[in-house]
Asker: 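Pasting in a structure now, in structure tokens, and then I'll have a few things to ask.
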Amino acid sequence: MSLSAILTDDVCEQIRAPIQEATTLPREAFTAEPFLEAERERIFSASWTALYFTELVQPGEAIPVDLAGIPLLIVRDTDGALRVFHNIVPYDGCLAVIERARDLTAITTPYHGWRYNLSGKLVATPYWSGSVAGTNLDALGDRPRDLAEVRSATWGPVLFVNLSEHPADFDAHVAPLERALEGWDLASLGIARDSGGEPLLYPEDLATNWKTHLENWGINVLHEAFVHDLYHASPEVPRMREDGEKTFEDYVDNTFMALKYVETDFPSTYGEIPFPRLDKDPAEPSRHGFFGSFMPNLHFGIFNNLLHLIISNPVTPARTTTLRAQFYRRDAAQAEEYAEARSFLALGFVEAGNEDGRITEAVQSARQSPAFPTQYYSAHWDTMHYHFSRWVLDQLVS
């Protein structure tokens, strides 16, 4: 089934209708390989996309990763420079690095032993042209030789890449994040570590589509009281007063969508988190938090003293992997006095992730059914979900 057969004119019209009459993306958008192929080309390869956490890459380290099925290689040179390459050798078509490697001064490829410096430049091709030393690079003529570098940039603790030939301006891309987090001191952040100094990382392998994962995280508010034990026990959830008014804001700023709430409205839900605050100016402390998503694949939980981040990665139409971590002020992120609290909070996010994972996998399973090929929205709760569906459509259909 082609993309045009899925997104017909009638389907597009229904997705773009006012929220009271609109329908969601059709089930094939979550189950069909041609749809994911189009997303790889027009979303994940065409925009700035979150790839990894910068603090996890040490000097002399090379880390192979995939982004929407595209093999990439993250390398930090011994001088601290961080680069990303397509993880493919131009001669033999093999991965340049198969497994994570540390303490490197050069990259020796696994198939034919070509050697690259950590800037991606070819320095030796042993025996390739009949030269034992392999330094006769002139024998290659004008054929490709170096690793193909991918445009990359960092924001806070996150490494972004853009695979397109003409990438949008990165500063303009992250402007919605800058506006939302203006009061947070992102430069002070460090990744949470256990008592032994190892990063507290929690990867997930979910049997669900990447869009279902995004729809559930932050922008679907109504599910909290039914899916999560923490919220089910809270008298402050669902986030609605007796008069029907919301106790949160549907915060939509271009590609950043979030549940925005005033922290003093939810004292019993979140309680006290015993870490130093992240305010840039202690005289003007931040009074609100966010749960949201920055398209296409970075998810946030933002508190006054904690940043919870998830990077998601589509593998197949029905499989998504994620990497979760928490960030605190750098001293608190590794100080022994906070070790127990860091582990406790990390496991709390894991438990919530397991609850969400169970539901998102159930949604994916249900989408195999032909009974209801699309769903509909609650105008009261689902404005961000509606915005996201239209955003996906806009990326795929010009």
Side-chain angles (χ1 to χ4, degrees), residues 24 192 200 202-251 257-275 287-293 299-310 312 320 322 324-326 340-367 372 375-388:
T24 63
L200 289 165
Y202 296 92
E204 298 172 293
D205 195 334
L206 301 169
T208 195
N209 187 269
W210 72 273
K211 295 185 296 298
T212 304
H213 181 267
L214 189 151
E215 288 168 351
N216 177 77
W217 179 263
I219 70 173
N220 183 315
V221 183
L222 183 56
H223 84 278
E224 290 178 325
F226 307 101
V227 173
H228 298 296
D229 288 343
L230 172 68
Y231 292 113
H232 182 69
S234 172
E236 298 147 355
V237 175
R239 299 175 190 256
M240 188 172 66
R241 298 186 179 91
E242 290 185 3
D243 62 2
E245 289 296 314
K246 298 176 181 177
T247 57
F248 69 97
E249 177 186 342
D250 292 305
Y251 183 94
M257 302 178 301
L259 177 168
K260 180 180 179 181
Y261 66 96
V262 178
E263 60 184 33
T264 53
D265 286 344
F266 295 88
S268 67
T269 303
Y270 302 115
E272 286 293 324
I273 301 177
F275 291 94
R287 298 299 185 189
H288 55 269
F290 292 98
F291 284 97
S293 295
H299 312 305
F300 288 81
I302 302 167
F303 302 82
N304 58 46
N305 49 13
L306 158 65
L307 179 63
H308 177 73
L309 294 177
I310 306 173
S312 71
T320 300
T322 77
R324 292 172 172 262
Q326 290 83 49
E340 185 176 349
R342 289 194 301 267
S343 295
F344 175 80
L345 284 173
L347 291 175
F349 280 111
V350 168
E351 181 179 349
N354 290 338
E355 292 168 336
D356 281 326
R358 174 175 175 267
I359 289 299
T360 56
E361 290 183 340
V363 172
Q364 185 68 28
S365 179
R367 280 179 168 143
F372 299 104
Q375 281 69 56
Y376 46 87
Y377 301 104
S378 162
H380 185 92
W381 293 99
D382 293 331
T383 56
M384 289 185 288
H385 184 180
Y386 172 69
H387 175 80
F388 174 60

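All values below come from the heavy atoms of this structure, side chains included, with hydrogens, waters and symmetry mates left out. Remember, it's a predicted structure, so these values are computed and weren't measured experimentally.
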Asker: Is the closest basic N to carboxylate O distance between Arg367 and Glu361 below 4.0 Å?
Answerer: no
Asker: Could you give the distance from CG (Asp229) to OG (Ser234), rounded to the nearest 0.5 Å?
Answerer: 12.5 Å
Asker: Going by the ring-ring contact (aromatic ring centres under 6.0 Å, His included) test, name the single residue among Phe248, Tyr251, Tyr270 that passes it with Tyr261.
Answerer: Tyr270
Asker: Give a yes or no on whether Glu340 atom CD has more than 12 heavy-atom contacts from other residues, nucleotides or ligands under 6.0 Å away.
Answerer: no
Asker: Do you know the tightest heavy-atom contact between Ala379 and Thr383?
Answerer: O-CG2, 3.6 Å
Asker: Looking at side-chain heavy atoms only, is the closest gap between Tyr202 and Leu347 below 4.5 Å?
Answerer: yes
Asker: Output, in order, the C-alpha distance, side-chain angles, deciding distance and verdict of side-chain contact (heavy atoms from CB on, under 4.5 Å) for Thr24 and Tyr377.
Answerer: CA-CA 8 Å; Thr24 63; Tyr377 301 104; 3.7 Å; yes
Asker: Is a side-chain donor or acceptor of Thr322 paired with a backbone partner of Ser312 at a separation under 3.5 angstrom?
Answerer: no
Asker: Any heavy-atom pair between the side chains of Arg239 and Tyr231 that's under 4.5 Å?
Answerer: yes
Asker: Would you say Gln375's side chain and Phe372's backbone share a donor-acceptor pair under 3.5 angstrom?
Answerer: yes
Asker: Asp356 and His228: side-chain hydrogen bond (donor to acceptor under 3.5 Å, both in side chains), yes or no, with the steps?
Answerer: CA-CA 8 Å; Asp356 281 326; His228 298 296; 2.9 Å; yes
Asker: Stepwise, does the side-chain contact (heavy atoms from CB on, under 4.5 Å) test hold for His308 with Leu345?
Answerer: CA-CA 10 Å; His308 177 73; Leu345 284 173; over 6 Å; no
Asker: Determine whether Leu306 and Phe349 satisfy the following criterion, side-chain contact (heavy atoms from CB on, under 4.5 Å), listing intermediate values before the conclusion.
Answerer: CA-CA 12 Å; Leu306 158 65; Phe349 280 111; 3.8 Å; yes
Asker: Quick one: are Glu204 and Arg324 in side-chain contact, heavy atoms under 4.5 Å?
Answerer: yes
Asker: Under the 3.5 angstrom rule, does the side chain of Trp217 hit a backbone N or O of Gly292 as a donor-acceptor pair?
Answerer: yes
Asker: Are the side chain of Thr360 and the backbone of Thr208 linked by a donor-acceptor contact shorter than 3.5 Å?
Answerer: no
Asker: Can any side-chain N or O of His232 pair as donor or acceptor with the backbone N or O of Ala225 at less than 3.5 Å?
Answerer: yes
Asker: Side chains of Ser268 and Glu236: do they bring a donor and an acceptor to under 3.5 Å?
Answerer: yes
Asker: Measure the OG1-CD1 distance between Thr212 and Ile359 for me, rounded to the nearest 0.5 Å.
Answerer: 12.0 Å
Asker: Say whether, by atom type as modelled, one donor and one acceptor occur between the side chain of Asn305 and the main chain of Ile273 under 3.5 angstrom.
Answerer: yes
Asker: Do Thr320 and His213 have a side chain donor and acceptor closer than 3.5 Å?
Answerer: no
Asker: Got a second to check how far Glu215's CD is from His223's NE2, nearest 0.5 Å?
Answerer: 12.0 Å
Asker: Is the distance between the ring centroids of Phe300 and Phe291 under 6.0 Å?
Answerer: no
Asker: Any chance you could measure Gln326, atom CD, to Ser343, atom OG, to the nearest 0.5 Å?
Answerer: 9.5 Å
Asker: To the nearest 0.5 Å, what is the distance between CG (Leu222) and CG (Asp382)?
Answerer: 7.5 Å
Asker: Check whether Lys246 reaches the backbone of His380 with its side chain - one donor and one acceptor, N or O, closer than 3.5 Å.
Answerer: yes
Asker: Taking all atoms of both residues into account, what is the closest heavy-atom pair of Val262 and Phe266, and its distance?
Answerer: O-CD1, 3.7 Å
Asker: Nearest 0.5 Å, please: how far is OH in Tyr386 from CE in Met257?
Answerer: 13.5 Å
Asker: The test is side-chain contact (heavy atoms from CB on, under 4.5 Å); show your working for Asp250 and Leu259 and say whether it passes.
Answerer: CA-CA 5 Å; Asp250 292 305; Leu259 177 168; over 6 Å; no
Asker: Using modelled atom types and a 3.5 Å cut-off, is there a donor and acceptor pairing between side-chain atoms of Gln364 and backbone atoms of Asn209?
Answerer: yes
